[in-house]
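Just so we're on the same page: letters track the sequence lines, and every chain starts at 1.
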Amino acid sequence: MSSELPKQYEPQQAKQECLKFWEDNKFFNANPLAKGEPFSIVIPPPNVTGALHLGHALNNTLQDILIRWRKMQGFNCLWMPGTDHAGIATQAVVEKRVKEEEGKSRHDLGRDLLVKRIWDWKEQYEKRILGQLREIGSGCDWDRTRFTLDSVCAQAVRSTFFQMFKQNYIYRGKRLVNWDTHLQTSVADDETFTETVKGSFWTFRYPVVGSDEFIRFSTTRPETMLGDVAVAVHPSDERYAHLVGKKVRIPLVGREIPIIADGILVKKEFGTGAVKVTTAHDRNDYACGLRHNLPLINILANDGTIRDGFGVYSGLDRYEVRKRITEDMEKLGFFEGKEDRDIELAHSDRSKTPIEPILSDQWFVKMDHLAQLAIDAVKDGKVKFYPERYADTYLDWLGEKRDWCISRQLWWGHRIPIWYSKCEEADLIKVFGTRNDVCWIRDNENHQWLVCALNDIPADALGKDLQIVQDNDVLDTWFSSALWPHSTMGWPEQTPELQKYYPTSVLVTSRDIITLWVARMVMTGLFNTGKIPFHKVYIHPKILDGFGETMSKSKGNGIDPLDIISRYGADALRYQMAHLATETQDSRMPVSNICPHCETLVAVKQEHMYMRTRKVTCPNCKKVFRPGGPWPFPDPELLTACQGSERFEQGRNFATKLWNASRFLFLNLEGYQAGNIEIHTLPLEDQWILSRLQRTAEELTSHLEEFRFSESMRTQYEFIWSEFCDWYVEMSKGRLKDENKAVAQRVLVGVLDAILRLIHPFMPFLAETIWQALEEVCPVRGIPEPSRVEKSVVLAAWPKYPASWFQPQIEARITRMQELVRAIREVRNRYLLDGRKLLDIKVRCSESIATDLKSLKAFLTHLGGVGDLECGPEVLRPSQSASHLHPDFEVYISLLGLIDVQAELVRMEKTIVEKQKQILAIESKLGNEGFVAKAPPKVVALQRETLHDLSSQIKVISENMVSLKQGN
RNA sequence: GGGCGCUUAGCUCAGUUGGUUAGAGCACCAGCUCGACACGCUGGGGGUCACAGGUUCGAAUCCUGUAGCGCCCACCA
């Protein structure tokens, strides 16, 4: 019965086999009707804009770790997967593509055709994204995969909008949007960029009505004078105090406008201290207008010309008007001066022309009450942030209670379920009066009815003569994302999923969407279901590139997780992801292009970013390639590099290490017999590794409970590599060769079984592959009582051991032995002694330690190459020996004929100097009355003890030096 | 401008409530192919904990300030 593990771990093969095995068995499919306390997570749905990058790999690896771990703990788990339609971003990408390929604008294509094209794009990228998630190992319930624009989500969106509208949470209002006068469309904030342009800063004056005074102000946009509705000064500005409440006359249009005091809009020191207020064309002015109940005067037409009603200026382009107005003001004597100035101006990403803030009708969600609900949920501790400080971000933002503009002038998204009609209310009552899925309110400004409906209203619903037309706009993407935790579970239907898995257990996300997404989920969750959407929010760090910048597609510094998986394996990727999920810090990940010709890693430089560099010459093979990154298409003439990073080698190496240790076991399992184990009769080394295992499992569990992923990974690395492989496996080698190997095999297999369970949430492919191999040789295993194990490590129970396994006295004995071995190895290395040559050693120590060391002689021989061992209180230093001091013992290694007396003396002298330095430090501490009086007695005692040890060590070293000098 | 963070070895990062001589991985140096593993083994070198003050018997850790960096928000008439 011998089974071998292949010489090499093949991560690609392991991945394919495991994925098939898991999916065929539907291990991760949730059953809301089954038993078990629920543990659920909804995925932060990736945008279908493009492929996933390393940030997603991090986000999803952490979620998967939690899901796999909780599943092993016996929870009834659901991880809900899906993607987000990402309105603006996706539409922009597809529009750009259409433009590039066919030279057509969206208007050329028309709404229906463009939307269809976007659906095609969505199908393609959704497939790719879900594929990437799968390859990472994500244990999602794929059968439940949702999309924010699918029918289930659409129903939730409709219901939410309808209820909010009915309860007056949704209203129609004015808002300044970024208007692209060239494309004649509004653009989102993130579709704009600011650029510094040469501009001017004009100063004018307005005459105060009924006085001979003037008020001076400055502006960079004189044409907006036409829309001025007030002049504001600071309330505490004495220069203008007497003018507040009076009026000024705008010379060119003759309108009289008030002088108001506004401490928010105006900064006393800036400019003249007075500001013209143009509510319809400036955000700050608009806000000021709301505070002071000022009117709105829209001066701009959609094409950037001045609207009708402004006399000679009407119909002219705004820049022409700017010129004319400055000239006209000067002629009238109201011009005070002009200075050149660099101006930060918002531009449209798409047309590259300057943005005009323009007033338009939009839909809003009233935030006061909803925000308060969400604030209370966190303040009352119902929703908890990890790390806690992120609650501040959340609370600060919600505290502003700014109404949420939910309409977007796009075609891709949930169309706003509002219909307009200029009919009589009687018509509405006649047609919809008996229906509870329709409601309406009056829009007096535009003399029409705003009708909201749960189900679409046909254009002829009111009859042939009365038009009823749907709003053209769509909802902000975040409106549907905000419903994600309950919409994906079928709300508003009371589905079994909703009852079992909602509220979800934890949300895992990154900090930049705490406000946009997390806060809104809490709001809508409470509004729709009366329940919070999740109990905990874990915020993980961000992965930055080697220069400390966030990774993004446009910069071209992102990494495709599949590149990493193909080079280092998914386990290595996950290892590294968990490893860098620390509490505080973002993590830098220097990226390299891997030369497609010779595999050399060529570090990405900043000039490679933003797709500026299309060709890179490999410094090794001198051949040319295209750097890796977000290139839309393959280059027919140039090979594109994959990307990689040395950071992932640690994970790959760790996987290999565990693989090889397992392989060693497999080579020594002949004759394996399952059997009971009595822990307290086991040899010392077995009790030691079980003690360490108990501690490791306990620590790991508590790390995971507190989302300390990085520490979880470190704890495991340390246990598996340093304790299990470096010491325990070595210590058990002897026993595997003798006739009593049965127990050694059982313990080794038992510990490996435990290791596979513990490592599984982190490195599932590796764990499962070894688990399956172990299945063939020892399906019955475990400590203390073996049992038939589960068919997959996914289904195995998470380890938890009795506290009695932890034996500090045994750990101390092993630690001392290890220190002795290290001391011997150090001498061996110092003299470059043959590793195989046994060394006779003498150890001066107490009687009890001597007894202990003698009992560990076999290990000392195997691990430290000890030949003769003499120990006890009477041991004398042999002549010409190297020595090493330890608080518990002095070890002497005879180096007859080998010793370099001079070098040894120098080294000893150096040690003495170091120890004396420490003595001085401690003595000064102890000499300090404050320390002795105020420090805890324990700390003081420890210092005294250390002082004592150091002195006696110096004494011993000095004696050894004397005898060395004398030729002994 | 407001808010939240960060600055520890050449690089990337740990460092729990202040308490012996500040840790890890990579890189570096030296030695090692002895039957799991060179993606390895053994040992070693390397740090004024950004800077300046303060609190304390005692500070990488707490407070203040300065400099640099990152992110989010608001962006200036």
Side-chain angles (χ1 to χ4, degrees), chain A residues 5 7-9 194 201 217-221 224 232 265-267 270-272 274-278 282-285 343-344 346 387 389-390 392-393 396-397 400 510-516 541-542 544 546 548-550 568 572 579-580 582-590 645-647 649-668 708 710-711 714 717-718 722 725-726 729-730 733 822 825-830 832-836 914-915 917-918 921-922 925-926 928-936 938-940 942-943 945-947 949-950:
Chain A
L5 224 44
K7 187 117 181 122
Q8 270 276 316
Y9 175 52
T194 52
F201 193 61
F217 61 88
S218 303
T219 178
T220 55
R221 293 187 296 161
T224 61
L265 181 69
V266 183
K267 286 214 178 89
F270 196 90
T272 65
V275 188
K276 66 194 234 14
V277 184
T278 320
D282 181 285
R283 288 212 177 158
N284 292 320
D285 292 3
I343 294 167
E344 296 280 314
R389 71 188 127 92
Y390 289 113
D392 293 341
T393 308
D396 286 352
W397 185 80
E400 291 181 25
S510 115
R511 81 178 96 87
D512 37 9
I513 49 178
I514 289 173
T515 55
L516 293 174
K542 297 180 71 103
L544 311 175
E549 295 191 46
T550 49
Y568 306 95
H579 205 269
L580 55 75
T582 60
E583 176 146 336
T584 50
Q585 296 225 88
D586 290 343
S587 193
R588 289 185 184 207
M589 178 75 67
S645 172
E646 290 176 6
R647 294 268 172 276
E649 288 175 11
Q650 191 182 351
R652 180 199 55 187
N653 296 354
F654 181 50
T656 305
K657 184 71 182 180
L658 179 53
W659 179 265
N660 282 313
S662 307
R663 194 165 161 267
F664 166 78
L665 249 72
F666 278 82
L667 294 171
N668 288 282
R708 292 189 297 257
S710 184
E711 287 182 59
R714 264 199 298 279
Y717 186 89
E718 173 75 15
S722 307
C725 293
D726 288 353
V729 169
E730 289 305 322
K733 276 182 179 169
R822 288 203 182 96
R825 284 171 178 170
E826 195 265 318
V827 171
R828 201 185 273 281
N829 264 294
R830 206 193 308 153
L832 299 180
L833 302 177
D834 182 344
R836 274 162 295 186
E914 272 171 25
K915 292 195 189 277
K917 241 196 240 166
Q918 289 164 36
I922 294 177
K925 255 190 205 177
L926 288 171
N928 183 334
E929 281 176 31
F931 176 70
V932 181
K934 293 186 185 172
K938 245 188 184 172
V939 174
V940 178
L942 202 61
Q943 290 292 323
E945 204 178 303
T946 311
L947 183 66
D949 287 347
L950 285 168

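For A/L942, counting side-chain heavy atoms from C-beta on, the closest listed nucleotide (B/C13, B/U20, B/A30) is B/U20. With B/G43, B/A77, B/U12 as the candidates, the nucleotide lying closest to the side chain of A/F201 is B/A77. Proximity note for A/C725 (side chain, C-beta onward) versus B/A36, B/G5, B/C69: the nearest is B/A36. Of the candidates B/G25, B/C39, B/A77, B/A77 carries the atom nearest the A/T220 side chain, counting heavy atoms from C-beta on. Closest approach to the A/E711 side chain among B/A36, B/U12, B/G15 is made by B/G15 (side chain taken as heavy atoms from C-beta onward). Of the candidates B/G15, B/A30, B/G5, B/A30 carries the atom nearest the A/L832 side chain, counting heavy atoms from C-beta on. Which of B/G25, B/U42, B/G3 sits closest to the side chain of A/D396 comes down to B/G3. Comparing B/C41, B/C71, B/A14 by their nearest atom to the side chain of A/T582 picks out B/A14. Side-chain atoms of A/F931 lie closest to B/G19 of the nucleotides B/C37, B/U12, B/G19.
One can place CZ of A/R714 at 17 Å from P of B/U12, the figure rounded to the nearest angstrom. The separation between A/Q650 atom CD and B/C37 atom P is 22 Å, rounded to whole Å. B/U61 atom P lies 18 Å from atom CD of A/E583, rounded to whole Å. Atom CG in A/D512 sits roughly 18 Å away from atom P in B/C4 (whole-Å rounding). Rounding to whole angstrom units, CG of residue A/L580 and C1' of B/U12 are separated by 10 Å. For the pair A/R828 CZ and B/G31 C1', the computed distance is 12 Å after rounding to whole Å. Atom CG in A/L5 sits roughly 10 Å away from atom C1' in B/A36 (whole-Å rounding). Atom pair A/K542:NZ and B/C4:P shows a separation of 19 Å (rounding to whole Å applied).
In this entry B/G25 has B/C11 as its Watson-Crick or G-U wobble partner, both defining distances falling under 3.5 Å. Pairing of B/U20, defined by two Watson-Crick or G-U wobble distances under 3.5 Å, is not identified with any nucleotide. B/C34 makes up no base pair with any nucleotide shown, lacking Watson-Crick or G-U wobble contacts both under 3.5 Å. Nucleotide B/A77 forms no Watson-Crick or G-U wobble pair with any nucleotide shown, as no partner meets the under 3.5 Å limit on both distances. Here B/G70 sits opposite B/C4 as a Watson-Crick or G-U wobble pair (both hydrogen-bonding atom distances under 3.5 Å). Base pairing of B/C62 is made with B/G54, judged by Watson-Crick or G-U wobble geometry with both donor-acceptor distances under 3.5 Å. Across all strands shown, B/U48 has no partner, as no Watson-Crick or G-U wobble contact with both distances under 3.5 Å is found.
Not one side-chain nitrogen or oxygen of A/S587 sits closer than 4.0 Å to the OP1 or OP2 atom of B/U12. Remark: A/K733 is not in phosphate contact with B/G35, judged by side-chain N or O atoms under 4.0 Å from OP1 or OP2. Phosphate contact (OP1/OP2 of B/G19, side-chain N/O of A/K925, threshold under 4.0 Å): absent. At B/G40, one or more side-chain N or O atoms of A/N653 fall inside 4.0 Å of OP1 or OP2 (strictly under the cut-off). For A/K7 and B/C37, the shortest distance from a side-chain N or O to OP1 or OP2 is below 4.0 Å. Look at A/R825 and you'll find a side-chain N or O under 4.0 angstrom from OP1 or OP2 of B/G43. Distances shorter than 4.0 Å separate none of the side-chain N or O atoms of A/N284 from OP1 or OP2 on B/A77.
Taking the side chain as every heavy atom from C-beta outward, A/F931 and A/L926 approach each other to under 4.5 Å. Within the 4.5 Å cutoff, the side chain of A/K733 has no heavy atoms near those of the A/N668 side chain. Inter-residue side-chain proximity for A/L947 and A/K925 is flagged as unmet; no heavy-atom pair is nearer than 4.5 Å. Counting heavy atoms from C-beta outward, A/N660 and A/R663 have side chains that approach closer than 4.5 Å. Taking 4.5 Å as the limit, every side-chain heavy atom of A/E583 sits out of range of all side-chain heavy atoms of A/S710.
Contact annotation: side chain of A/E730 to base of B/A36, donor-acceptor pair present below 3.5 Å.
Here, B/U66 and B/G1 have their P atoms 12 Å apart, quoted to the whole Å. When the C1' atom is used for both B/U55 and B/G15, the distance is 22 Å, rounded to whole Å. To the nearest whole angstrom, the two P atoms, one in B/U7 and one in B/U17, are 15 Å apart. Taking atom P on both nucleotides, B/U16 is separated from B/C29 by 33 Å, rounded to a whole Å. For the C1' atoms, the distance from B/G47 to B/G2 is 36 Å, rounded to whole Å. B/A50 and B/U8 have their C1' atoms separated by 10 Å, with the value rounded to a whole Å. Spacing between B/G18 and B/U61 at atom P, rounded to whole Å, works out to 11 Å. Taking atom P on both B/A9 and B/C51, the two are 11 Å apart, rounded to the nearest angstrom.
Using a 4.0 Å cut-off between a side-chain N of Lys or Arg and a carboxylate O of Asp or Glu, A/E826 and A/R822 do not qualify as a salt bridge.
The residue A/R830 sits apart from the nucleic acid: no heavy atom pair falls under 4.0 Å. Among the heavy atoms of the strands, none lies under 4.0 Å from A/T393. Contact annotation for A/Y717: backbone-only contact, meaning every heavy-atom pair under 4.0 Å involves sugar-phosphate atoms and none involves a base. Across all strands, A/Y390 comes closer than 4.0 Å to no nucleic acid atom at all (heavy-atom distances). Heavy atoms of A/R511 sit under 4.0 angstrom from primed sugar atoms or phosphate atoms, though from no base atom. At the heavy-atom level, A/S662 lies nowhere under 4.0 Å from the strands shown. Using a 4.0 Å heavy-atom cutoff across all strands shown, A/E826 reaches sugar-phosphate atoms only and no base atom.
Atom-to-atom distance recorded for A/R647:CZ and A/R588:CZ is 10.5 Å, nearest 0.5 angstrom.
Listed for the A/Y9 side chain is no donor-acceptor partner under 3.5 Å among the backbone atoms of A/K657.
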* To do: Let me see the working for A/D282 and A/K276 under salt bridge (charged side-chain N to carboxylate O under 4.0 Å, His left out), right down to the final yes or no.
  => CA-CA 11 Å; A/D282 181 285; A/K276 66 194 234 14; over 6 Å; no
